[in-house]
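What follows is one structure encoded as structure tokens, with my remarks underneath.
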Protein chains: 2
Amino acid sequence: MNDAPSVFIVDDDEQVRSALTFLMESVGLQAESFSSAHDYLEQFNASKPGCLILDVRMPGLSGLDLQARLSAETIHPPIIIITGHGDVPMAVRAVTAGAVDFIEKPFNNQSMLDNVHRAIELDAKQRGESSRLQDIEKRYNELTPREKEVLQCVIEGKRNKIIAAEMNISQSTVEAHRSKVMDKMLADSLSDLMRMALLLKLIS
Amino acid sequence: MNDAPSVFIVDDDEQVRSALTFLMESVGLQAESFSSAHDYLEQFNASKPGCLILDVRMPGLSGLDLQARLSAETIHPPIIIITGHGDVPMAVRAVTAGAVDFIEKPFNNQSMLDNVHRAIELDAKQRGESSRLQDIEKRYNELTPREKEVLQCVIEGKRNKIIAAEMNISQSTVEAHRSKVMDKMLADSLSDLMRMALLLKLIS
DNA sequence: ACATAAATTATCATATATTCCAATTTTCCT
DNA sequence: AGGAAAATTGGAATATATGATAATTTATGT
């Protein structure tokens, strides 16, 4: 799970792949290259840290297509788009869609390395946040429907008495649910629970 | 305060200004144009809603310079950059720095209007969130130092007894501070207070 | 039909928080 | 020095939450 970060390189041009691989390895970065977006997707593993250098113009799935696919994933490596014949609208689209960079070939080696390092740092940060979030989501999904209802009321600041009235159940029941929620979510205070609810976007 | 949104146009080219003004007014949008970034800054009023169409290449302050200045403001209209001789790196920089669009001249009138409408909607949304935040900030700043300390502990989920021990004061005092905090912040429950604390970024 | 999880309720004891009240001491500004 | 705001404390009554324990009723799926 917690491997060293890789620089994933997706380009149909063998020259570019080997040049980039050489560049990355020259500074001790692990590189993995693919000749098509499809090849990359096949081995894609959300838990592998790193960043992705992606050519726009490729046979089959284009770089922007791949970018769109990856955006649907909850977590994916930051994307650096490279292109031989880029234009402004394409760059705007790529960056707006979440690419961290859009670089024209031929590129400067040093600035490429700078960008890669920045992207890898960003990935590490996102990954840390995301793994915490996934833990919380996992626990949340183990709540029963009723417990989720009570949780929703709790984070809205309602008192047990009110919740009981709204749900037409006794206060004891609410207390029971509430207590289970705290246990299952591993929350040790209300504010702790609220923080989790925020990450889960249960809050308006 | 709550005026109709304006389209602010900043371009040193009189032709462009009048063309854009005409375009905006043709769909019922209010337009205000300026021949330099400096002129715009002079009349800049954070409370005026709308969006900003900004030329990059201008004598004096450039569009990107103005963008940087505005980014320092807590709230500013969304920026649509327009340019005659744009290149990819410039577009990437502008979008990365927060511009909502980067459009080359000559542009398509309809797509420009679409972008303007989208930007104005975004501005309205940001403005709504921001005014709520300002209310909360105002109330927060009326708290005494001691009350702020207690608030910090409360949102960390500490019980009054613990807070009293940590601050070396009696539990009664903590209760007094806490009660005042709830009053002053107009919070009617702990979760309410937590939500505010989040917006104030008092939470890790 | 049986087993299991979920939902429901209750009681008792304790711990905490909230809300009144009133009072003293500190600090800071004019 | 005088006054205002802030910080401090205590008491007493009330409301709420928590925690442990136990028991009943309802689904749910095999």
Side-chain angles (χ1 to χ4, degrees), chain A residues 134-200 202-204, chain B residues 134-200 202-204:
Chain A
Q134 279 172 15
D135 284 351
I136 296 172
E137 266 170 352
K138 199 171 171 183
R139 285 179 240 150
Y140 177 72
N141 288 326
E142 277 164 7
L143 296 184
T144 66
R146 219 56 172 156
E147 284 162 356
K148 287 181 186 173
E149 268 187 76
V150 171
L151 170 55
Q152 188 61 48
C153 291
V154 168
I155 64 186
E156 282 168 11
K158 293 173 186 158
R159 309 200 172 278
N160 290 351
K161 191 191 285 187
I162 308 295
I163 302 175
E166 282 187 7
M167 291 175 68
N168 274 315
I169 56 181
S170 87
Q171 195 164 329
S172 307
T173 313
V174 177
E175 283 162 8
H177 287 318
R178 185 168 180 160
S179 164
K180 275 236 158 181
V181 168
M182 294 295 283
D183 279 357
K184 288 188 179 177
M185 296 300 290
L186 302 179
D188 57 88
S189 67
L190 178 53
S191 60
D192 209 18
L193 191 67
M194 290 287 296
R195 267 185 293 257
M196 296 182 196
L198 280 164
L199 294 176
L200 293 172
L202 298 179
I203 293 181
S204 44
Chain B
Q134 280 171 14
D135 284 350
I136 296 172
E137 265 170 354
K138 198 172 172 183
R139 285 179 240 150
Y140 177 73
N141 289 327
E142 278 164 7
L143 296 183
T144 66
R146 219 53 171 158
E147 284 162 356
K148 287 182 186 174
E149 267 186 79
V150 171
L151 170 55
Q152 187 62 48
C153 291
V154 167
I155 65 187
E156 282 168 11
K158 292 173 186 159
R159 308 200 171 278
N160 290 351
K161 191 191 285 185
I162 308 295
I163 302 175
E166 282 187 7
M167 292 175 69
N168 275 315
I169 54 180
S170 87
Q171 196 163 329
S172 307
T173 314
V174 177
E175 284 161 8
H177 286 319
R178 185 167 180 160
S179 164
K180 274 238 159 182
V181 168
M182 295 295 282
D183 280 356
K184 287 188 180 178
M185 295 300 288
L186 302 180
D188 57 87
S189 68
L190 178 53
S191 62
D192 209 18
L193 191 67
M194 289 287 296
R195 267 186 293 260
M196 297 182 195
L198 280 164
L199 294 176
L200 293 173
L202 298 179
I203 293 181
S204 42

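A, B, ... follow the sequence lines: proteins, then strands. Residue 1 opens every chain. Given the structure is predicted, the values throughout are model-derived calculations rather than measurements.
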Close N/O contacts between protein and nucleotides 7-9 of chain D (under 3.5 Å):
{"residue": "D:dA7", "atom": "OP1", "partner": "B:T144", "partner atom": "OG1", "Å": "3.4"}
{"residue": "D:dA7", "atom": "OP1", "partner": "B:R146", "partner atom": "N", "Å": "3.2"}
{"residue": "D:dA7", "atom": "OP2", "partner": "B:T144", "partner atom": "OG1", "Å": "2.2"}
{"residue": "D:dT8", "atom": "OP1", "partner": "B:R146", "partner atom": "NE", "Å": "2.9"}
{"residue": "D:dT8", "atom": "OP1", "partner": "B:R146", "partner atom": "NH2", "Å": "2.7"}
{"residue": "D:dT8", "atom": "OP2", "partner": "B:R146", "partner atom": "NE", "Å": "2.9"}
{"residue": "D:dT8", "atom": "OP2", "partner": "B:H177", "partner atom": "NE2", "Å": "2.9"}
{"residue": "D:dT9", "atom": "OP2", "partner": "B:S170", "partner atom": "N", "Å": "2.6"}
{"residue": "D:dT9", "atom": "OP2", "partner": "B:T173", "partner atom": "OG1", "Å": "2.7"}

Would you tabulate the pairs of protein nitrogen or oxygen atoms and nucleotide nitrogen or oxygen atoms of nucleotides 21-26 of chain C closer than 3.5 angstrom?
none

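- Closest non-hydrogen pair, B:A164 versus B:S170, comes out as CB-C, 3.9 Å.
- The salt bridge (Lys or Arg N to Asp or Glu O under 4.0 Å) check on A:K161 picks up nothing, with sequence neighbours excluded.
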Contacts under 3.5 Å, N or O only, protein and nucleotides 27-30 of chain C:
none

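- If you take CG on A:L199 and CG on A:D135, they are separated by 11.5 Å, rounding to the nearest 0.5 Å.
- Contact check for B:R146 versus B:I169: side-chain heavy atoms found under the 4.5 Å cut-off.
- Near DNA chain C, defined here as any heavy-atom distance below 4.0 Å, there are no residues from residues 154-164 of chain A.
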When the side chains of residues 176-186 of chain B are checked against the rest of the protein, which donor-acceptor pairs come out under 3.5 Å, sequence neighbours left out?
{"residue": "B:R178", "atom": "NH1", "partner": "B:N160", "partner atom": "OD1", "Å": "2.6"}
{"residue": "B:K184", "atom": "NZ", "partner": "B:E142", "partner atom": "O", "Å": "3.2"}
{"residue": "B:K184", "atom": "NZ", "partner": "B:E147", "partner atom": "OE1", "Å": "2.9"}

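- Side chains of A:I203 and B:M194 form no contact here, defined as non-hydrogen atoms less than 4.5 Å apart.
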Under 3.5 Å, which protein N or O atoms sit close to an N or O of nucleotides 22-29 of chain D? Give each pair with its distance.
none

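- With contacts defined as side-chain heavy-atom distances shorter than 4.5 Å, the pair B:V150/B:L143 does not qualify.
- Interatomic distance, CG of A:L190 versus OG of B:S189, reported as 8.5 Å (0.5 Å rounding).
- One distance of note links OG1 of B:T173 with CG of B:N168; it measures 11.5 Å at 0.5 Å rounding.
- Here D:dA15 presents its P atom at 15 Å from CD of A:E175, a figure rounded to the nearest Å.
- Between its two ends, the helix from C:dA1-D:dT30 to C:dT30-D:dA1 turns its axis by 50°, counting five pairs per end and rounding to 10 degrees.
- Summarising the geometry, atom CD1 belonging to A:I136 is positioned 10.5 Å from atom CD belonging to A:Q134; distances are rounded to the nearest 0.5 Å.
- Taking the side chain as every heavy atom from C-beta outward, A:E156 and A:Q152 approach each other to under 4.5 Å.
- Between the OH atom in B:Y140 and the CG atom in B:L151 there is a gap of 6.0 Å [rounded to 0.5 Å].
- If you check residues 178-195 of chain A against DNA chain C, you find no residue with a heavy atom closer than 4.0 Å.
- A:K148 is linked by a salt bridge (Lys or Arg N to Asp or Glu O under 4.0 Å) to nothing, counting only residues two or more places apart in sequence or in another chain.
- B:R139 pairs by the salt bridge (Lys or Arg N to Asp or Glu O under 4.0 Å) definition with nothing, not counting sequence neighbours.
- In terms of the salt bridge (Lys or Arg N to Asp or Glu O under 4.0 Å) criterion, residue partners of A:R195 (sequence neighbours excluded) are, by chain and number, A:D192.
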